[in-house]
Amino acid sequence: MDLNKLADALIPDENVKPLDYYETLFPERDLPKGAQVTRLAPSPTGFMHLGNLYVALANERIAHQSGGVFYLRIEDTDEKRKVEGAVEVIHSSLKYFDVIFDEGADLCGNYGPYYQRQRAEIYHAYAKELIKKGLAYPCFCTEEDLEKTREYQTENKLLPGYYGEFAKCRNLSEEEIYANLAAGKPYVIRLKSQGDVEVKHTFHDEVKGDITVTENNQDVVILKSDGIPTYHFAHAIDDHFMRTTLVIRGEEWLSSLPIHIELFKTLGFHLPKYGHNCSIQKVDGETRRKLSKRKDPEASLTFYREQGYHPTAVKTYMMTLLNSNFEEWMLKFPDKPLDEFKYSIGKMGKSGALFDILKLNDISKTIMATLSETEMYDFLKSWADDFGNEAQKSYFADKDYMLRVLTLCMGIGGKKRRKDFVCAKQAMEMIDYFFDSTFAPVYEYRFDKETVKTILQGFKATYVYADDMQTWFEKVKAVATASGFATDMKAYKADPTAFPGNVSDVAEMLRIATTGLYNTPDLWTIMQILGEERTFARLDKAVAAL
RNA sequence: GGCCCCAUGGUCAAGCGGUUAAGACACCACCCUUUCACGGUGGUAACAUGGGUUCGAGUCCCGUUGGGGUCACCA
């Protein structure tokens, strides 16, 4: 059989150049010794998974820490899953988390194009080469054909797939091939696998350590019937020509590693290093599973933006899962930027971590507590601009007022910063009582109405806006005493039954009356911020509601 | 089901042949405190299981069990 002729018949791409051309076009990168070239290679589905950020962070850190390159490649070989504007989503999502690419799709770079669909010519050149060498062949099997053999294999407990005796098109005669071609039958190009599943090798995975890989014996599809490569083929070609040195990817790829190893070998390419990291999991009923795009809102990166999680918080949490010694480092050097941490691929966990939003929240609170009031103002405002309702947007009309609110709620100026704010959404809800437009209290006192009324009215009669905190509190105590409440905590603790309550209960009533809440920062300051008029109005409103 | 990966408290995890088995989150108690928080102190809680190897095993080996991943013209 004339394989050169066959190759031309099968892949009539006029743009194909001799193989040397590509090797010179994409030369070895000139980088310092030890520098790693890594990448993120998402599909443009319009959905960015937490796992995308997770793996991006690992690749980014390793590349930049080693003086290498981190680039973005778009794996758009699946027409069905492609979504308009998806690349924009990829960029904006990662930009929010400050993950920076050195080159790649929609950026500069000498190793492009970075969209796989635009690289057809290269794939075709190499597919042709394999056909010419007799290492790839056309397959005319229909979906039904494949389904049938799969059924047979399953019934007979055989390894499923297209291989060996089941690879019907492997040994098609020249006449049969050209007859099929003439009949216009659609075809794919398959690799003629030289592997043997009985043969196993030890492979060094950068995160898992030494693992066992079985040789591939599947005649995998390398070019689909539309001439577009499958992931496997594109991966081998692209990571070779983009000169990737290290591939950190999810462990769901581990099982196709044998295919990739064979492909690199068959193409004559040097295999990059691989590290397969575990996916983030979640408890679902009795068992755990991968965070699911469909079932778990927190699987989506947009979730964190909508909730207004600070990007550093999410990144920090990802880092604690990514590198086991990161948290300790962070606790030791709370003021150092993330980038100063020495990321180590060897410290990546071998087993999948459960996503723990409580832990994220804790980290979030700590990060939020490092912001200044103006930084917080800007952060909340930008969240509100994108996701807030009209009322929340209006909070920013009076900047000075908002800054006073934030200063109080963040505990700035106090001995220790407060850690009430978890994310922008929650923070905005937490401060809504400062704004009459959203102030809709549900008064729930732990004392009977008469008692509350007496106390509120008693306080109102003595409250003077200009009082300092000490004077103010003396008045609270006086009101408490008038109703028989204890002001001496020691006396109260000694015999709680001797009093209807203590001064903290009185403070609670006043707090509920002015804010509608049990938990708020210092009440005196709240009243100072609200202003005299509004404070009285709130007390009146509370009394009227009794 | 075949193949591969994994296995220390509820969660993330340190440990890499000899430790009273760290630390963080969560939880509980107490302290601080006019309130709410923050903070501080202490506490509950773990080496899946059975065999080996060894003077000695969470650590090495094998089996079992459990969990996860994967078996496409999807990535």
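Everything quoted here is computed from the prediction, not taken from an experiment. All chains are named by letter (A, B, ...) in the order of the sequence lines, taking the proteins before the strands, and each is independently numbered beginning at 1. Values below: all heavy atoms of this structure, side chains included; hydrogens, waters and symmetry mates excluded.
With P as the reference atom, B:rC55 and B:rG15 are 27 Å apart, rounded to whole Å. B:rU49 and B:rA13 are spaced 23 Å apart, taking the C1' atom of each and rounding to whole Å. For B:rA72 and B:rA14, the P atoms lie 35 Å apart once the distance is rounded to whole Å. B:rC32 and B:rG68 have their C1' atoms separated by 46 Å, given to the nearest Å. Look at the C1' atom in both B:rG23 and B:rG9: the space between them is 13 Å, to the nearest Å. For the C1' atoms, the distance linking B:rA22 with B:rG58 amounts to 14 Å, nearest Å. The same atom, P, is picked in B:rC47 and in B:rC12; the two are 16 Å apart, to the nearest Å. Spacing of C1' atoms, B:rU8 relative to B:rA24, comes out at 15 Å, to the nearest Å.
With rounding to whole Å, A:L358 atom CG is found 11 Å from B:rC25 atom P. Taking atom CE of A:M318 as the reference point, atom C1' of B:rC12 lies 11 Å away to the nearest angstrom. A:I363 has its CD1 atom 17 Å from the P atom of B:rU11, to the nearest Å. As rounded to whole Å, 10 Å separates atom P of B:rG1 from atom NZ of A:K157. With rounding to whole Å, A:H204 atom NE2 is found 17 Å from B:rC4 atom C1'. Rounding to whole angstrom units, CG of residue A:L354 and P of B:rA26 are separated by 16 Å. Rounding to whole angstrom units, CE of residue A:M469 and C1' of B:rU33 are separated by 12 Å. Residue A:M330 contributes atom CE, which lies 11 Å from atom C1' of B:rC25 at whole-angstrom precision.
For the residue pair A:T142 / A:D145, a side-chain donor-acceptor distance below 3.5 Å is found, with atom types taken as modelled. Residues A:D356 and A:Y317 bring no donor and acceptor atom of their side chains to less than 3.5 Å of each other.
The 12-atom threshold is exceeded at NZ of A:K168, counting heavy atoms of other residues, nucleotides or ligands nearer than 6.0 Å. In this structure, A:Y518 places its OH atom where more than 12 heavy-atom neighbours from other residues, nucleotides or ligands lie under 6.0 Å away.
In this structure, A:Y126 has its ring center under 6.0 Å from that of A:F241.
Ion pairing of A:K359 with A:E327 is present here, as a side-chain N (NZ or NE/NH1/NH2) and a carboxylate O approach within less than 4.0 Å. Looking at A:R418 and A:D522, no side-chain N of the basic residue comes within less than 4.0 Å of a carboxylate O on the acidic one, giving no salt bridge.
Positionally, the nearest nucleotide of RNA chain B for A:K208 lies more toward the 5' end than for the other of A:K208 and A:P521. Residue A:T214 is the one, among A:T214 and A:G209, whose nearest nucleotide of RNA chain B lies closer to the 5' end (criterion: closest heavy atom).
In this structure the side chain of A:L40 reaches within 4.5 angstrom of the side chain of A:L94, judged on heavy atoms. Side chains of A:H260 and A:Y231 form a contact here, defined as non-hydrogen atoms less than 4.5 Å apart. In this structure, A:T77 and A:P229 have side chains that are in contact, with non-hydrogen atoms separated by less than 4.5 Å.
Among the protein residues, A:K475 comes within range of no part of the nucleic acid, since none of its heavy atoms lies under 4.0 Å from any strand. Backbone-only engagement by A:I211 is indicated by non-hydrogen atom pairs under 4.0 Å involving sugar-phosphate atoms exclusively. Using a 4.0 Å heavy-atom cutoff across all strands shown, A:L523 reaches no nucleic acid atom at all. Nucleic acid contact for A:D522: base, since at least one base atom lies under 4.0 Å from a heavy atom of the residue. No engagement by A:M430 is indicated, since no non-hydrogen atom pair under 4.0 Å with the nucleic acid exists.
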Using a 4.0 Å heavy-atom cut-off, write out nucleotides 69-75 of chain B from 5' to 3' as B (base contacted by protein), S (sugar-phosphate only) or - (no contact).
-> SSSSBBB
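Judged as a salt bridge (Lys or Arg N to Asp or Glu O under 4.0 Å), the pairs with a partner in residues 39-53 of chain A (not counting sequence neighbours) are, in order, A:R39-A:D239.
Interatomic distance, CG of A:L523 versus OG1 of A:T514, reported as 4.5 Å (0.5 Å rounding). With values rounded to the nearest 0.5 angstrom, A:K200 atom NZ is found 12.0 Å from A:I211 atom CD1.
No donor-acceptor pair closer than 3.5 Å links the side chain of A:N59 to the backbone N or O of A:A56. Side-chain atoms of A:Y304 never come within 3.5 Å of backbone atoms of A:L50 as a donor-acceptor pair (strictly under, hydrogens ignored).
Applying the side chain to side chain contact (heavy atoms under 4.5 Å, CB included) test between A:D505 and each of A:F499, A:Y445, A:F485 identifies A:F485 as the sole match. A side-chain hydrogen bond (donor to acceptor under 3.5 Å, both in side chains) with A:S193 is found for exactly one of A:E215, A:Q218, A:E262, namely A:E262.
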Every protein N/O within reach of nucleotides 37-41 of chain B N/O, cut-off under 3.5 Å:
from: B:rA37; atom 1: O2'; to: A:D420; atom 2: OD1; distance (Å): 2.7
from: B:rC38; atom 1: O2'; to: A:R417; atom 2: O; distance (Å): 2.9
from: B:rG39; atom 1: OP1; to: A:K419; atom 2: NZ; distance (Å): 3.0

Detail all sub-3.5 Å separations between protein N/O atoms and N/O atoms belonging to nucleotides 63-66 of chain B.
none

Taking N or O atoms only and anything under 3.5 Å, show me the protein contacts with nucleotides 13-15 of chain B, one pair per line.
from: B:rA14; atom 1: OP1; to: A:S324; atom 2: OG; distance (Å): 2.9
from: B:rG15; atom 1: OP1; to: A:K347; atom 2: NZ; distance (Å): 3.4

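Ring geometry for A:Y71 against A:Y114 counts as tilted: the plane angle lies between 30° and 60°, on a 0 to 90° scale.
In RNA chain B, consecutive stretches of 3 or more Watson-Crick or G-U wobble pairs with both distances under 3.5 Å are given as paired ranges: B:1-7 with B:65-71, B:10-12 with B:23-25, B:27-31 with B:39-43, B:48-52 with B:60-64.
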